[in-house]
Every structure is written in structure tokens, then in C-alpha cells.
Amino acid sequence: MKDRRRFDVWAAGPAYERYMGRWSRPVAEEFVAGLDCADALRWLDVGCGTGALSAVVAARRRPRRIVACDRSREFVGSARATVPGPVHFVVADALSLPVRGAAYDVVVSGLTLNFLPTPARAVAEMVRALRPGGLAAAYVWDYAEGMQFLRRFWDTAVALDPAAVALDEGRRFPVCRPEPLRALWTGAGLVDVSVAPVEVPTVFADFTDLWQPFLAGQGPAPGYVAALAPADRDRLRDGLRAAVPSSPDGSVRLTARAWTVSGRKADGREGPT
């Protein structure tokens, strides 16, 4: 368990879509709707994944241009194949963005910061790319409390295998809480910083619909499941089944919360580099 990041596999677009993508899209809708910015702006999407956030920006904000980047070549390929509109997808690392300084009106990042080894460096790159007066905004899942199906998963896993606590995203990623997010933004020199929750329903058709994506190996929890012996995997499955609520029709109805953060680059002042 010492090398925890070996479980942080994010590459296969279809597997990600079934595991997290179907919930990330409604969160992206709420996030974009809450941004205080005009249409016809230049956008940069950092850590774009399969393109959910860029797709919403393209559909809702009539951008002049969107550049979207992710370090996963597979995710970028999936995004190019599925996202319409004025979006230019590139393979690039969030810690070293291949863009000019002060070139964008809005720089955003969805569900990415906690998976980066140095989130503050990524935010500094976002600010570098932002014009004075421009908006920097991001959101991350509330793994500690508000992402209910993952919270039930890790609570069950740790009860069966105490060593699994080392992989629990709620413990690993302090950025998924309001105050660390605020500190990232203010530490990068941004002003008018605000943090707010966004909550969406996560309704699974039945327990199989919830459990099956955990078998695809995309992300820390599925990576943990893939490493288990078959008997241990079955015990985890049965424990999770007992831990989640089931409606009379067999559906599992939970909610997922993300924390959003936004701030502006002060006029006439360069951000950190």
C-alpha cells in the first residue's frame, strides 16, 4: 500500500464514463451555471479528462475558443471523438501548461486538482495563463463526506481490511475540503475568492449498476478492487450491498457533493509563475 498512486489509474474513457463520468456531467452543468462570466470568452480547461466540462462550456457559454488539456493521451482521444464545438484538445501536464501567459479570460479545472502531486503548482500555472481580471475556478469531489457511494465503499473496505485506509480518497486528498481549496486560491494571489458546494443525485438502477464499475480498474477504489483476491472481492461486494440503501424497485439512491472554488486575478498584476 506504500505506493498509493499506482492505484490512481485514469486512462480508459468508456470505463471512466460508467464509473464517474455520468456523475461528473451534471456537476459540470451546475458549476458552469454558477460562474460569473460573459459569453464569447477564451477558456482553458486544465485536466479535461473525457471532456465533460469543456462540452458544457461549449454548449452553455458560447466561447470564442476553448483549449482543453489532459496528461492522459487516451482521455484526450476520447474527448476529441465525442465533444463538439470550438474545443482544441491537447495532451499536456497541468503542472507545465503549454500556453502563453495572460492568454485566457477563464481558466477552469474539474475533478483534477486532488490527483496532482503539487496542486499549488497547478493553480500557479492556471493563474499564469489568466489575463488580469480573469476568472480561475475549479471543483473537486467531497471525498471525505459528500461523495456518498465512495464513502460507503471505503468505510466497508476499511472495516474488512484496515490497510485500505491508506487508499481512501477522503483521507489522501485534503484539497477536497473547503478551507484547503480557499487556501490554494488565496495563496496563488487570487482575489474575491469564494467556495461553495454543488450536490447532484447519483441514482443507480440496482446494486449491480453501482458495483460493476468498481471492477473496471479506473481510479483508486476500482484499482483496489482489482488487486483483491476473488474471495476478498466477494466479501467487499456483499458488505457494500448491505451498506447502501435499496428502494422498493431495487434502485440505489444516493447523492454526490463537490466543492467549487473561484477567484479573480487582480488587474495589472501578474500571477505566480
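- Of all heavy-atom pairs spanning Tyr139 and Ala28, the tightest one is OH-CB, 3.4 Å.
- Hydrophobic cluster membership is shared by Val195 and Leu184, with clusters built from Ile, Leu, Val, Met, Phe, Trp and Tyr side chains linked at under 4.5 angstrom.
- When only modelled atom types and interatomic distance are considered, Asp249 and Ser251 share a side-chain donor-acceptor pair under 3.5 Å.
- The two residues Thr202 and Ala256 make their nearest non-hydrogen contact at CG2-CB, 3.6 Å.
- In this structure, the side chains of Ser109 and Met126 come closer than 4.5 Å at one or more pairs of heavy atoms.
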| request: In sequence, state the C-alpha distance, the side-chain angles, and the governing distance for Ser24 and Phe31, and then conclude on side-chain contact (heavy atoms from CB on, under 4.5 Å). | output: CA-CA 10 Å; Ser24 64; Phe31 170 74; over 6 Å; no
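- Two residues are said to be in side-chain contact when any heavy atoms from C-beta on lie closer than 4.5 Å; Val46 and Glu125 fail this criterion.
- Counting heavy atoms of neighbouring residues, nucleotides and ligands inside a 6.0 Å radius, atom CZ of Arg80 exceeds 12 of them.
- Atoms SG and CG, from Cys176 and Asn114 in turn, are 6.5 Å apart once rounded to the nearest 0.5 Å.
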| task | Kindly indicate, with the supporting measurements, whether the criterion side-chain contact (heavy atoms from CB on, under 4.5 Å) is fulfilled by Asp232 and Asp161. | result | CA-CA 9 Å; Asp232 293 332; Asp161 172 19; over 6 Å; no
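- Considering every non-hydrogen atom in both Pro119 and Val175, the closest pair reads CG-CG2, 4.1 Å.
- Arg264 contributes a side-chain N or O that, together with a main-chain N or O of Gly133, makes up a donor-acceptor pair within less than 3.5 Å.
- Here SG of Cys48 is found 5.5 Å from CZ of Phe89. Values are rounded to the nearest 0.5 Å.
- With ring centers used as reference points, Tyr224 lies under 6.0 Å from Trp154.
- Checked by atom type and distance alone, the side chain of Arg61 pairs as donor or acceptor with a backbone atom of Val32 at under 3.5 Å.
- The shortest heavy-atom contact between Gly51 and Val83 is O-CG2, 3.7 Å.
- Val198 places none of its side-chain heavy atoms less than 4.5 Å from the side chain of Arg257.
- Thr50 and Ser78 are not linked by any side-chain donor-acceptor pair at a separation below 3.5 angstrom, with hydrogens and angles left out of the test.
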| Going through the checks in order, is the salt bridge (charged side-chain N to carboxylate O under 4.0 Å, His left out) test met by Arg177 and Glu145? | CA-CA 9 Å; Arg177 297 174 176 87; Glu145 297 178 359; over 6 Å; no
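- Side chain of Arg241 to main chain of Leu236: no donor-acceptor pair is present (N/O by atom type, distance under 3.5 Å, no hydrogens or angles).
- Counting heavy atoms from C-beta on, the side chains of Leu135 and Asp105 never come closer than 4.5 Å.
- By the 4.5 Å heavy-atom criterion applied to side chains, Ile66 and Pro63 are counted as neighbours.
- With hydrophobic clusters built from ILVMFWY side chains whose heavy atoms lie under 4.5 angstrom apart, Trp141 does not share a cluster with Val203.
- Annotation: side chain of Val225 is in contact with side chain of Trp211 (closest heavy-atom distance under 4.5 Å).
- In this structure a side-chain-to-backbone donor-acceptor pair under 3.5 Å is present from Thr112 to Gly47.
- Taking all atoms of both residues into account, the shortest heavy-atom contact from Pro213 to Pro222 is O-CG, 4.0 Å.
- Using a 4.5 Å heavy-atom cutoff, the side chains of Leu116 and Arg71 are in contact.
- Using a 4.5 Å cut-off on side-chain heavy atoms (C-beta onward), Phe153 and Phe214 make contact.
- Formation of a donor-acceptor pair under 3.5 Å by the Arg151 side chain with backbone atoms of Tyr143 is found in this model.
- Residues Phe149 and Phe204 place their aromatic rings such that the two centres sit under 6.0 Å apart.
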| said: Show, in sequence, the C-alpha distance, side-chain angles and deciding distance for Arg171 and Val165, and conclude whether the side-chain contact (heavy atoms from CB on, under 4.5 Å) test is met. | reply: CA-CA 8 Å; Arg171 294 175 178 268; Val165 72; 3.0 Å; yes
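- Atom-to-atom distance recorded for Leu35:CG and Glu30:CD is 11.5 Å, nearest 0.5 angstrom.
- When atom types are taken as modelled, the side chain of Trp23 and the backbone of Met147 share no donor-acceptor pair closer than 3.5 angstrom.
- Salt bridge Arg237/Asp234: present, at least one basic N to carboxylate O contact under 4.0 Å.
- Side-chain atoms of Ser72 come within 3.5 Å of backbone N or O of Phe75 as a donor-acceptor pair.
- Between the side chain of Lys265 and the backbone N or O of Val127 there is at least one donor-acceptor pair closer than 3.5 Å.
- In this structure, CZ in Arg128 is found 10.5 Å from CZ in Arg121, a value given to the nearest 0.5 Å.
- Closest heavy-atom contact between Leu190 and Ala136: CD1-CB, 4.0 Å.
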| query | Could you go step by step and tell me if Val57 and Asp45 meet the side-chain contact (heavy atoms from CB on, under 4.5 Å) rule? | reply | CA-CA 9 Å; Val57 171; Asp45 181 1; over 6 Å; no
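- For the atom pair Gln212 CD and Asp206 CG, the distance stands at 10.0 Å (nearest 0.5 Å).
- A continuous path of ILVMFWY side-chain contacts below 4.5 Å connects Leu150 to Phe207, so both sit in one hydrophobic cluster.
- Atom OG in Ser194 sits 11.0 Å away from atom CG in Leu181 (nearest 0.5 Å).
- The backbone N or O of Ala243 sits less than 3.5 Å from a side-chain atom of Arg152, completing a donor-acceptor pair.
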